[in-house]
Protein chains: 2
Amino acid sequence: MSITIKDVAKKAGVSISTVSRVINSSKPVSSEIRQKVLKIIEDTGYQPNPIARSLVMKKSQLIGVVVPDISNFFIGEILNGIEEIGKMYGYDILLCNTYGQLEQELRYLNLLQAKQVEGIVFMTWKLQDQLVEYIEKIDTPVVLINRNTSKLLIPSVSIDNFQAAYEMTKYIFDNGHKKIALIRNSLDQDAFGFDQFRGYQKALEENGLEIDDNLVRYGNFKLENSYEIVKEFIQKDILPTAIFATSDVMAIGAINCLLDNGYEVPGDVSVVGFNDIKLASIYRPNLTTIHQPIYDIGAVSIRIIVKMINKEELDSNVVILPHELVERDSSKKIK
Amino acid sequence: MSITIKDVAKKAGVSISTVSRVINSSKPVSSEIRQKVLKIIEDTGYQPNPIARSLVMKKSQLIGVVVPDISNFFIGEILNGIEEIGKMYGYDILLCNTYGQLEQELRYLNLLQAKQVEGIVFMTWKLQDQLVEYIEKIDTPVVLINRNTSKLLIPSVSIDNFQAAYEMTKYIFDNGHKKIALIRNSLDQDAFGFDQFRGYQKALEENGLEIDDNLVRYGNFKLENSYEIVKEFIQKDILPTAIFATSDVMAIGAINCLLDNGYEVPGDVSVVGFNDIKLASIYRPNLTTIHQPIYDIGAVSIRIIVKMINKEELDSNVVILPHELVERDSSKKIK
DNA sequence: GTGAAAGCGCTAACAC
DNA sequence: GTGTTAGCGCTTTCAC
């Protein structure tokens, strides 16, 4: 059995309240006694039982993190930020993987509350209404990642997906492309996928281009999926000169398909991505893409949660981090 | 304030022990009362406080997972297995990221014990003696991932790195290569990196080849690192016909360097990897590599931890999972 | 400045 | 079968 506060108190010849006071510096203790207690703690290697402490303080020092896929490249990088900053504030991370399934998401949200986590960082591919409803109802602070919640009560952190997609589309257009396919994410209307679509739309319209429904396709974040879409472009002989995929992995799927079918990138087709995951600069050709401050997204989300836990006022419900268009080797000018 | 067992007891007009009994089915309760209590639990949405329960049961239902890099591709995939099987057994995952730094590793090991986790899954790049010593000393069950601990007391799960590296080297040799570089991991002698080296060594020796010290190099799991190594090969004009990197990411670093310098893969140089992370079949050329059952490694590690928690006998301290050589497009026969 | 005692929400003897 | 009670290890009034 490990050593408790009682043991320390006994050895020090003081009451447990006194020991508690020196541990927490919650009230003044005479320097003499403090030293004695400290010494005994040192000697015995006593560590306060956080569970007992949690029980009385009603604080678990735990933050739940719900993600749709731990092994997803983008998410892995976000987790780095979450973990590091979380630990900085003394919070441990309870990790939950939902595979993006609503049922799992609801289950974990419930489980995490039962576990008394103090806050939840939530990420999903598709933010279903039922989820929003549930999240807005619960007491535990929740912050959403990678999703603009300006219409909701839930705080969030993301980049300006509309603006980023606009810039990227404009960039492609400025490079001489007139046929620009969009492989977007199949998501609900309030999602970032919709914002991105609007950005794409605006850039085309501004430049007098019409949206070609054949060239706007829904992907599902999977490489195989964009691969198939491009295959269809080829088969139907409607291959555009540029493809804008709203995730790097989908961009790579597109490029792989092109390469497999004897096309050159960017020689025949320019392909650009979104996110700038590590892979974007590992893969050849290096991806032209929208750089997101991925680590910071995780870091900021924790900072928000901590503020909410401490009942501090949030400057804003929606935090928008800066993005940047990174020009690499998968796109080129045409005339 | 949320509802407690007391409230339920009062509403049901029974004692709290009875409520506890129906919650835990720990002792028979008359069907009539059981129904009544169940109904009230249903109505009130009562959920037992796991912290209070932990305090008295001395069980936290938490498993600590310590990894050197959450965003590492290989580790992300392992985490999937850990999370899923862990949840299956009712355990939550406390995630800790160490960046492979001994100081952090020790700190987290300590923190996790203080948090009363019931077991720890531990992963690191370099298993330092100090760590082994510490782990062997503590009461909390620990299992090591991706490391053969046959000489230690600590259980582990991994593949047969020696055999796998042997097979891969032999495969390359059988493809006609006589100059085979090895980019191995710079690790302590008991590590899998050493086993892999021995496998490489054996395959060469069996075939009457000598080890060329210029061609056996230490990488550090980083892409940039193997990139530099290959650059040096080129500069010194000692480029071999085949490069065996003991991680897929390092293999890709090698290929990138070759491509950047105008070489073809596998045209001029065959490059093979190790692990078979998702990226291995996304990257072009697809990597010839050693397939590890990555998800299963995570899954099995949790099963072992659960057995240890339950004080069940382990069949074996060291679990070796099967591997497989996967032939893809980054290697070819030469004459 | 210090100690006694109550109580966080729960489980598990122990009685009946 | 059911209720009473004693803790689990800690924080925090409330006295002194």
Side-chain angles (χ1 to χ4, degrees), chain A residues 1-41 44-62 90 111 113-118 139-140, chain B residues 1-41 44-62 90 111 113-118 139-140:
Chain A
M1 204 42 250
S2 73
I3 173 156
T4 76
I5 196 174
K6 235 189 211 160
D7 304 323
V8 175
K10 197 176 294 169
K11 284 196 204 230
V14 298
S15 74
I16 59 170
S17 355
T18 302
V19 176
S20 173
R21 279 167 197 139
V22 349
I23 295 169
N24 303 298
S25 323
S26 47
K27 278 203 171 180
V29 174
S30 76
S31 154
E32 188 190 1
I33 293 190
R34 144 173 273 100
Q35 295 310 325
K36 191 150 101 191
V37 171
L38 250 23
K39 170 118 183 38
I40 291 179
I41 289 178
T44 55
Y46 164 72
Q47 292 199 317
N49 181 330
I51 295 185
R53 179 179 273 167
S54 290
L55 183 58
V56 30
M57 313 253 291
K58 296 178 180 326
K59 289 179 150 233
S60 62
Q61 295 290 20
L62 249 32
L111 185 89
Q113 285 181 89
K115 282 271 179 183
Q116 320 261 60
V117 300
E118 299 187 42
D139 294 326
T140 314
Chain B
M1 202 44 248
S2 74
I3 173 156
T4 76
I5 195 172
K6 238 189 209 157
D7 303 323
V8 176
K10 196 176 296 170
K11 285 195 203 231
V14 298
S15 73
I16 59 169
S17 3
T18 302
V19 177
S20 173
R21 278 165 198 141
V22 348
I23 295 169
N24 302 297
S25 322
S26 48
K27 279 201 171 180
V29 174
S30 77
S31 155
E32 189 190 358
I33 291 190
R34 140 173 277 100
Q35 296 309 326
K36 191 151 103 194
V37 171
L38 249 23
K39 171 117 182 38
I40 290 179
I41 290 178
T44 55
Y46 164 73
Q47 291 199 318
N49 180 329
I51 294 184
R53 180 180 268 165
S54 290
L55 183 59
V56 31
M57 313 252 292
K58 297 179 177 324
K59 290 178 146 233
S60 62
Q61 296 290 19
L62 248 33
L111 185 90
Q113 285 181 89
K115 282 273 180 184
Q116 320 264 58
V117 300
E118 299 187 43
D139 293 326
T140 314

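Here is how names work: the chains are called A, B, and so on, in the same order as the sequence lines, proteins then strands, and each is numbered from 1. These numbers were taken from a predicted model, which means no experiment stands behind them. Just so you know, these numbers use all the heavy atoms, side chains as well, and skip hydrogens, waters and symmetry mates.
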**OP:** Report which part of the nucleic acid S30(B) touches: base, sugar-phosphate, or nothing (heavy-atom distance under 4.0 Å, all strands).
**Re:** sugar-phosphate
**OP:** Look at all strands and tell whether I16(A) reaches a base, only sugar-phosphate, or nothing, counting heavy atoms closer than 4.0 Å.
**Re:** base
Donor-acceptor contacts under 3.5 Å from residues 20-30 of chain A side chains, at least two apart:
unit_1, atom_1, unit_2, atom_2, d
S20(A), OG, N24(A), ND2, 3.4
N24(A), OD1, R53(A), NH2, 3.0
N24(A), ND2, S20(A), O, 2.9
S30(A), OG, I33(A), N, 3.4

**OP:** Measure across I3(B) and Y46(B) and return the closest heavy-atom pair with its distance rounded to 0.1 Å.
**Re:** O-CD1, 3.4 Å
Scan nucleotides 13-16 of chain C against the protein and return all N/O pairs shorter than 3.5 Å with their distances rounded to 0.1 Å.
unit_1, atom_1, unit_2, atom_2, d
dA13(C), N6, R21(B), NH2, 3.3

Subject >> With K39(A) via side chain to side chain donor-acceptor pair (under 3.5 Å) - residues at least two apart >> reply: D43(A)
**OP:** Rounded to 10°, tell me the angle between the two end axes of the helix from dG1(C)-dC16(D) to dC16(C)-dG1(D), each built from five pairs.
**Re:** 40°
**OP:** To the nearest Å, give me how far apart CD (Q35(B)) and P (dT2(D)) are.
**Re:** 12 Å
Original post:
With respect to the phosphate group of dT11(C), does any side-chain polar atom (N or O) of N24(B) fall under 4.0 Å of OP1 or OP2?
Top reply: yes
Original post:
Under 4.0 Å between a side-chain N or O of T18(B) and OP1 or OP2 of dT2(D)?
Top reply: no
Original post:
Should K6(B) be listed as having a side-chain N or O under 4.0 Å from OP1 or OP2 of dG7(C)?
Top reply: no
Original post:
Got a donor-acceptor contact below 3.5 angstrom from the Q116(B) side chain to the K59(B) backbone?
Top reply: no
**OP:** Return the value, rounded to whole Å, for the distance between atom CZ of R53(A) and atom C1' of dG9(C).
**Re:** 18 Å
**OP:** Report the residues that fulfil side-chain contact (heavy atoms from CB on, under 4.5 Å) with Q47(A), sequence neighbours left out, ordered by chain and then residue number.
**Re:** N110(B), A114(B)
**OP:** Let me know the distance between CD of Q116(B) and C1' of dC10(D), rounded to the nearest Å.
**Re:** 12 Å
Original post:
For D7(B) and dC8(C), what is the distance between atoms CG and C1' respectively, to the nearest whole Å?
Top reply: 13 Å
**OP:** Identify, with sequence neighbours excluded, every residue that meets side chain to side chain donor-acceptor pair (under 3.5 Å) alongside S54(A).
**Re:** none
**OP:** Sequence neighbours left out, what passes salt bridge (charged side-chain N to carboxylate O under 4.0 Å, His left out) with K115(B)? Give chain and number order.
**Re:** D92(A)
Original post:
Can you tell me if the side-chain N/O atoms of K59(A) get under 4.0 Å from OP1 or OP2 in dT11(D)?
Top reply: no
**OP:** Between P48(B) and P28(A), just flag the one whose closest nucleotide in DNA chain C comes earlier from the 5' side.
**Re:** P28(A)
Original post:
Looking across every strand, which nucleic acid part, if any, lies under 4.0 Å from I23(B) by heavy atom: base, sugar-phosphate, or nothing?
Top reply: nothing
**OP:** Could you check which of dT12(D), dG9(D), dA4(C) has an atom nearest any side-chain atom of S15(A)?
**Re:** dA4(C)
Original post:
Looking at V37(B) and A12(B), what are the two nearest heavy atoms and their distance?
Top reply: CG2-CB, 4.1 Å
**OP:** Output all residues satisfying side chain to side chain donor-acceptor pair (under 3.5 Å) with Q35(B), sequence neighbours left out; order by chain, then residue number.
**Re:** none
Subject >> For atom CD1 of I5(A) and atom C1' of dT12(D), their distance in whole Å >> reply: 11 Å
Original post:
Rounding to a whole Å, what distance do you find between K58(A):NZ and dT12(D):C1'?
Top reply: 13 Å
Subject >> Minimum-distance nucleotide (side-chain atoms of M57(A) versus dT12(D), dT11(C), dT2(D)) >> reply: dT12(D)
Original post:
To the nearest angstrom, how far is K10(B) atom NZ from dT2(D) atom P?
Top reply: 20 Å
Original post:
Could you state the CG-P distance from L55(A) to dC8(C), rounded to the nearest angstrom?
Top reply: 9 Å
**OP:** Could I get the full list of side chain to side chain donor-acceptor pair (under 3.5 Å) partners for T140(B), not counting sequence neighbours?
**Re:** none
